[in-house]
Amino acid sequence: MNTIGLNELKTIFDGLKKLMDEKREYLIELDGVMGDSDLGITMQKAFTAANEEVQSSGEQDLGKLLMKTGMKIAQAAPSTMGTLVATGFMKGGKALFKTETISSKELAVFFRAFTQGIMDAGKTVPGNKTIVDALHPATLALEDAASGNKSIPEALKLAYEAAIGGVEASKQMKAQHGRAAYYQDKSIGVQDPGATVGAFIFQAFSEAANSGK
Amino acid sequence: MNTIGLNELKTIFDGLKKLMDEKREYLIELDGVMGDSDLGITMQKAFTAANEEVQSSGEQDLGKLLMKTGMKIAQAAPSTMGTLVATGFMKGGKALFKTETISSKELAVFFRAFTQGIMDAGKTVPGNKTIVDALHPATLALEDAASGNKSIPEALKLAYEAAIGGVEASKQMKAQHGRAAYYQDKSIGVQDPGATVGAFIFQAFSEAANSGK
Amino acid sequence: MKKIMNKAENFVDEMLEGILAAHPTELTIAADDLRCIIKAGKTPNKVGIATGGGSGHLPLFLGYVGEGMLDGCSVGGVFQSPSSTQMLEVTKAIDQGAGVLYIYGNYGGDILNFNMASEMAEIEDIRVEQVIAGEDVASAPKGEEGKRRGVAGIFFVYKAAGAMADTLASLDEVKRVAQKAADNVRTMGVALTPCIVPEVGKPSFTLEDDEMEIGMGIHGEPGISKGPLKTSDKIVDEMLNPVLQDLPYGTGDEVAVLINGLGATPKEELYIMYRRVHHILTEKGISVFKVYIGEFATSMEMAGASVSLLKLDQELKELLSKPANTPFFEQKQLSL
Amino acid sequence: MKKIMNKAENFVDEMLEGILAAHPTELTIAADDLRCIIKAGKTPNKVGIATGGGSGHLPLFLGYVGEGMLDGCSVGGVFQSPSSTQMLEVTKAIDQGAGVLYIYGNYGGDILNFNMASEMAEIEDIRVEQVIAGEDVASAPKGEEGKRRGVAGIFFVYKAAGAMADTLASLDEVKRVAQKAADNVRTMGVALTPCIVPEVGKPSFTLEDDEMEIGMGIHGEPGISKGPLKTSDKIVDEMLNPVLQDLPYGTGDEVAVLINGLGATPKEELYIMYRRVHHILTEKGISVFKVYIGEFATSMEMAGASVSLLKLDQELKELLSKPANTPFFEQKQLSL
Ligand SMILES: Nc1ncnc2c1ncn2[C@@H]1O[C@H](COP(=O)(O)OP(=O)(O)O)[C@@H](O)[C@H]1O
Ligand SMILES: Nc1ncnc2c1ncn2[C@@H]1O[C@H](COP(=O)(O)OP(=O)(O)O)[C@@H](O)[C@H]1O
Ligand SMILES: [Mg+2]
Ligand SMILES: [Mg+2]
Ligand SMILES: [Mg+2]
Ligand SMILES: [Mg+2]
């Protein structure tokens with residue numbers, strides 16, 4: 001997968017959906033610690049809807065397609081994470097309007113807008129124990145790889161590793177948003193379910209890119 | 001106890017109260033089978049109030065005193081049994097207006113009016129699995145003893161035995177009134193709590209009359 | 001027993017203190033007795049309407065004392081009748097010379113005490129009439145209507161009588177419409193969990209974790225079938241069919257519906273039940289004038305519900321449509 | 001799980017079908033979507049007021065759609081936000097050209113979706129403003145009011161905004177009074193038992209048979225102290241003191257009080273609680289204009305209660321006194 005066109009995007013979203021199916025119970029459990037246990041359900045709904053949209057679409061403008069996919073997620077999964085992920089795809093897609101093939105450069109642009117969109121909507125910054133803590137280091141890694149002209153599979157692999165690092169780091173943070181924030185200091189030490197979703201997104205992207213290479 | 005005056009009445013009501021104290025849990029349990037488990041509590045309240053009234057009273061007209069005692073019971077224990085027993089004392093008392101000493105004849109008059117008052121208020125007759133099924137045979141025995149010129153202790157002993165027989169007989173009856181009636185045929189075989197109270201009343205009267213003789 | 005309360009023996013009196021403190025301009029007491037609740041204002045020449053009964057059923061009974069409904073209520077201990085003396089005090093306090101109508105549920109203790117109160121009121125030269133509400137079809141078969149328990153349907157009897165009394169109609173007239181409402185209402189209930197009388201401290205009956213009892217009374221009186229918890233639609237079918245057949249209610253009839261929560265059942269579930277009731281009524285050609293859904297007659301924290309139908313004629317419809325305003329029930333004029 | 005329901009996945013939609021069937025002249029839907037509930041009638045030039053939120057809290061949120069209160073409500077799954085598209089559909093359906101005010105509780109998912117809906121409404125040339133209710137003092141310390149959960153106190157925000165909108169005031173004016181109400185209300189809750197989300201099928205938290213949790217949120221969010229069940233008076237003290245100190249409320253203030261049952265707690269217990277609230281307020285020289293006691297914001301079958309105070313000025317008092325009439329809440333004009 002040297003560049004991402006509509007077909008590659010279909011492979012990626014198929015992988016995203018499958019990963020979320022697989023992680024459903026795990027996410028329910030994670031969200032059960034300080035949240036309302038719905039994350040596994042909503043993420044499955046979100047990426048099932050996203051995958052349907054991508055698979056059935058003939059849209060060649062990948063920016064438009066990703067934006068529409070975000071809108072579908074917003075309808076299918078109006079939870080915190082569902083809406084944030086929806087916003088990510090909408091803002092990321094908007095940044096890629098009129099793009100038909102995505103190289104590692106566009107991919108970096110996409111995830112920069114994706115992450116910024118979530119930060120704006122969630123009124124948050126890195127360090128607050130949210131999905132951003134996975135997305136932000138991953139996006140930096142992606143930008144690094146892109147400016148070093150790394151291939152998409154390589155770039156996504158590095159990004160995924162950075163995201164995993166972000167999930168690890170999130171454990172030591174104190175929650176500032178959402179239900180976990182009610183736990184205040186007790187939230188320290190607990191893994192953030194949203195950051196985990198962030199890492200899963202990069203995992204699916206990376207695995208799809210690296211499967212056939 | 002050849003005749004009953006104010007002092008003898010005090011002894012009888014003291015015994016009534018003590019017996020109801022003692023039978024409290026037993027009556028709660030009996031009423032729990034097809035009722036609301038309050039009978040032990042209400043009878044204790046009823047006869048505590050009755051005893052207070054009788055002990056503190058200087059009223060020489062025993063008819064008036066018994067009537068007032070009934071009114072006290074009505075206020076203290078407004079349950080089915082409380083109100084019926086109150087009615088009994090009120091109607092029985094009314095039948096003895098202007099009586100200062102009670103012989104076995106007056107006692108029969110009292111319990112006839114007592115039982116009839118309850119039948120009128122409860123709109124019932126013997127055979128319907130109620131307190132009446134203890135009171136009615138006891139009253140008949142009392143009337144019999146009185147016309148045979150038996151002494152009060154003897155008359156009350158016979159009445160009590162008849163009441164016990166009534167309680168036994170009530171087991172085979174089908175409940176027509178109160179909560180037990182909702183059980184319809186299932187009420188057959190169960191001992192009636194109200195009839196049991198009826199027998200206790202005669203037990204206390206008889207024991208007081210027979211204690212010193 | 002998980003109750004937010006202080007001492008069990010003060011449960012009723014503290015509740016009454018709270019109610020009087022919360023509604024100081026609407027309610028007051030008679031004879032200096034907390035358990036004799038009466039409406040604050042008086043309407044000269046109006047027939048007084050009194051009710052009474054055990055505590056633990058809010059908004060029954062005292063919750064309907066107010067404009068357009070009742071004038072007074074004597075309050076008993078939890079699931080216990082008030083005393084005839086308390087009934088008499090309420091009667092004396094609300095009589096405006098036009099007489100007093102007693103409306104209460106068909107329970108032994110209440111009947112005995114209201115009868116005793118009636119006799120005492122007569123001595124005080126107050127004319128008293130009675131209407132006894134008993135509409136739980138599970139509690140006695142057709143033909144023995146007189147033995148039936150009174151449950152949530154008494155709400156309609158209060159409403160009809162209260163609206164009629166407001167027209168300054170005579171005691172006989174008020175009694176007539178109350179009796180008409182009582183004669184045209186039928187109810188069936190279902191219980192899912194028991195409740196606990198504070199002074200007793202433990203449930204008076206038990207139902208397994210997956211059990212329900214159709215036809216159970218509001219004090220836990222036996223129902224007509226105990227079995228595994230079914231779907232809402234099936235439960236409604238089992239409750240509504242005996243109700244429909246009893247009066248009976250049929251094509252062309254117009255009814256008011258009351259879906260009553262027994263205490264712990266969420267409104268969400270009551271509305272899911274109503275959905276089915278509505279389907280069935282529509283299918284049978286029975287039209288619905290007004291639907292009441294919520295808690296009208298409870299058993300403290302008991303889970304369960306009841307469904308009541310009131311068959312309407314023009315008169316009952318007009319009476320039902322009149323405004324009412326009590327601390328526990330408000331209704332503006334309904335359009336006919 | 002003892003619920004009177006059919007399939008768990010149909011819980012919300014069947015509830016909505018029941019609600020619409022029960023209140024056909026008062027409520028209708030937008031965009032052919034059951035989850036977009038709007039008031040049946042329209043008032044030209046009136047600011048539209050919309051709310052929205054998860055199901056399982058009746059009468060919140062949709063129960064306040066009606067005369068004198070709200071114009072529309074988007075309805076989510078149990079404890080789930082509705083979608084921004086549904087919010088937009090409600091917004092479009094209720095806009096009368098005067099703009100729309102969103103009033104909703106301070107929860108992440110709802111905020112994100114209402115923000116997204118606002119952006120979409122802007123594209124449709126509808127002016128939208130927002131007031132977020134968050135008044136649970138247990139959920140964040142003073143100084144961090146912006147992080148507080150919205151609970152039963154939102155009722156007062158709806159009431160103030162709805163009454164103001166009825167005067168055909170501008171969007172800014174309606175927002176101003178809504179914000180004023182939101183700024184002057186504080187709440188604290190206590191939970192005794194959990195509730196069960198139908199699709200989950202088991203409780204999200206547990207409390208021992210003799211335990212309570214003060215400060216717990218209506219979805220089971222953590223409180224400030226978990227411990228043995230205390231007496232009603234002690235519980236009220238622990239709830240009311242932090243509320244009183246927070247705003248603060250003090251001598252000479254006039255308040256409205258809301259004692260809210262979470263679902264399974266009987267009205268009897270709520271009134272026993274109010275008794276103590278009344279004593280404390282009287283002692284502190286705080287006068288009570290109006291008391292609301294009942295279920296205003298629930299968590300299905302959760303046992304527990306909350307106490308809210310709203311500090312009144314002349315304007316809020318007048319707004320509160322205006323009549324309202326929704327399928328779940330009726331109030332006639334209060335005398336001032
Ligand atoms: N304001 C915010 N900005 C970014 N991420 C947030 C924010 N609030 C919560 N999150 C993320 O959302 C995750 C929870 O998502 P979700 O389960 O959908 O929430 P809920 O069920 O409470 O709506 C958290 O673990 C956190 O990573
Ligand atoms: N109509 C009636 N006439 C006479 N006795 C009755 C009548 N109804 C019930 N009883 C008696 O009352 C007893 C129950 O009394 P009680 O426990 O006080 O009733 P409740 O608690 O239902 O008010 C029954 O066992 C029966 O003997
Ligand atoms: Mg969650
Ligand atoms: Mg959620
Ligand atoms: Mg009993
Ligand atoms: Mg009893």
Side-chain angles (χ1 to χ4, degrees), chain C residues 2-7 11-12 14-19 21-23 25 55-56 58-59 63 190 192-193 195 209-210 212 229 231-233 235 257 259 263-276 278-279 291 293-295 298 300-301 303-305 323 325 328 330-332 335, chain D residues 2-7 11-12 14-19 21-23 25 55-56 58-59 63 190 192-193 195 209-210 212 229 231-233 235 257 259 263-276 278-279 291 293-295 298 300-301 303-305 323 325 328 330-332 335:
Chain C
K2 266 190 157 173
K3 290 186 192 282
I4 307 181
M5 65 177 191
N6 300 304
K7 284 198 188 135
F11 189 85
V12 172
E14 292 186 351
M15 166 195 89
L16 291 171
E17 285 173 23
I19 288 173
H23 309 291
T25 58
S55 290
L58 283 181
V190 62
L192 271 63
T193 68
C195 64
D209 258 10
D210 58 348
M212 62 173 193
L229 184 60
T231 64
S232 178
D233 285 356
I235 294 171
V257 183
I259 313 278
T265 291
K267 284 205 179 64
E268 284 80 1
E269 296 174 29
L270 301 181
Y271 276 98
I272 291 177
M273 291 179 76
Y274 180 67
R275 171 181 169 274
R276 181 71 172 186
H278 190 84
H279 285 176
V291 187
I293 301 184
E295 293 181 351
T298 65
M300 294 182 293
E301 71 280 10
N325 178 44
F328 290 75
E330 295 206 43
Q331 175 180 294
K332 61 163 206 176
S335 50
Chain D
K2 264 191 160 173
K3 289 186 193 283
I4 307 181
M5 64 175 193
N6 299 303
K7 284 200 187 133
F11 189 84
V12 173
E14 291 187 351
M15 165 195 90
L16 291 170
E17 285 172 22
I19 289 173
H23 309 292
T25 58
S55 292
L58 283 181
V190 63
L192 270 64
T193 68
C195 63
D209 258 9
D210 59 346
M212 62 171 192
L229 183 61
T231 63
S232 178
D233 286 355
I235 293 172
V257 183
I259 313 276
T265 291
K267 285 205 177 66
E268 284 81 1
E269 296 174 30
L270 301 181
Y271 276 97
I272 290 177
M273 292 178 75
Y274 179 67
R275 172 180 167 274
R276 180 71 172 186
H278 190 83
H279 285 176
V291 187
I293 301 184
E295 294 182 349
T298 65
M300 294 183 291
E301 70 280 10
N325 179 45
F328 290 76
E330 295 205 43
Q331 175 180 293
K332 61 161 206 175
S335 49

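Throughout, a chain's letter reflects where its sequence line sits, starting with A, and its residues are numbered from 1.
Only the side chain of C:F328 comes within less than 4.5 Å of a heavy atom of chain D; its backbone N, CA, C and O stay farther away. Contact annotation for C:A22: both backbone and side-chain heavy atoms come within less than 4.5 Å of a heavy atom of chain D. Neither the backbone nor the side chain of D:A303 comes within contact range of chain C, judged by heavy atoms closer than 4.5 Å. Only the side chain of D:I293 has a heavy atom closer than 4.5 Å to any heavy atom of chain C. Heavy atoms of C:V257 lying under 4.5 Å from chain D are absent altogether. Heavy-atom distances place both the backbone and the side chain of C:L58 under 4.5 Å from chain D. Contact annotation for D:N325: only side-chain heavy atoms (C-beta onward) come within less than 4.5 Å of a heavy atom of chain C.
Between chain D and the residues C:G56, C:G63, C:G294, the most heavy-atom pairs under 4.5 angstrom are made by C:G56. Ranked by heavy-atom pairs under 4.5 Å with chain D, the first of C:M300, C:E268, C:H278 is C:E268. Top candidate by heavy-atom pairs under 4.5 Å with chain C, chosen from D:P266, D:P323, D:G263, D:G304, is D:P266. Of the residues considered (D:K267, D:K7, D:M212), D:K267 shows the highest number of contacts with chain C, using heavy-atom pairs under 4.5 Å. Most heavy-atom pairs under 4.5 Å with chain C: of the set D:I235, D:L270, D:V291, D:L192, this distinction falls to D:L192.
In this structure, C:N6 contributes its side chain and D:S232 its backbone to a donor-acceptor pair below 3.5 Å. In terms of modelled atom types and a separation under 3.5 Å, the side chain of C:E330 and the main chain of D:K332 share a donor-acceptor contact.
Under the 4.5 Å side-chain criterion, counting only non-hydrogen atoms from C-beta, D:E295 is in contact with C:E295. Residues D:E269 and C:K3 meet the side-chain proximity criterion, which asks for heavy atoms closer than 4.5 Å. A heavy-atom distance below 4.5 Å is not found between the side chains of D:E17 and C:Y271. Residues D:M273 and C:I4 have side chains in contact (heavy-atom distance under 4.5 Å, counting atoms from C-beta outward).
How far CE of C:M5 is from OG1 of D:T231: 10.5 Å, rounded to the nearest 0.5 Å. Atoms CZ and CD, from D:R275 and C:E14 in turn, are 4.0 Å apart once rounded to the nearest 0.5 Å.
Of the candidates C:L229, C:T265, C:D209, D:K2 forms a side-chain contact (heavy atoms from CB on, under 4.5 Å) with just one, namely C:L229.
Pairing each heavy atom of D:E301 with each of C:A264, the nearest pair is CB-O, 3.7 Å.
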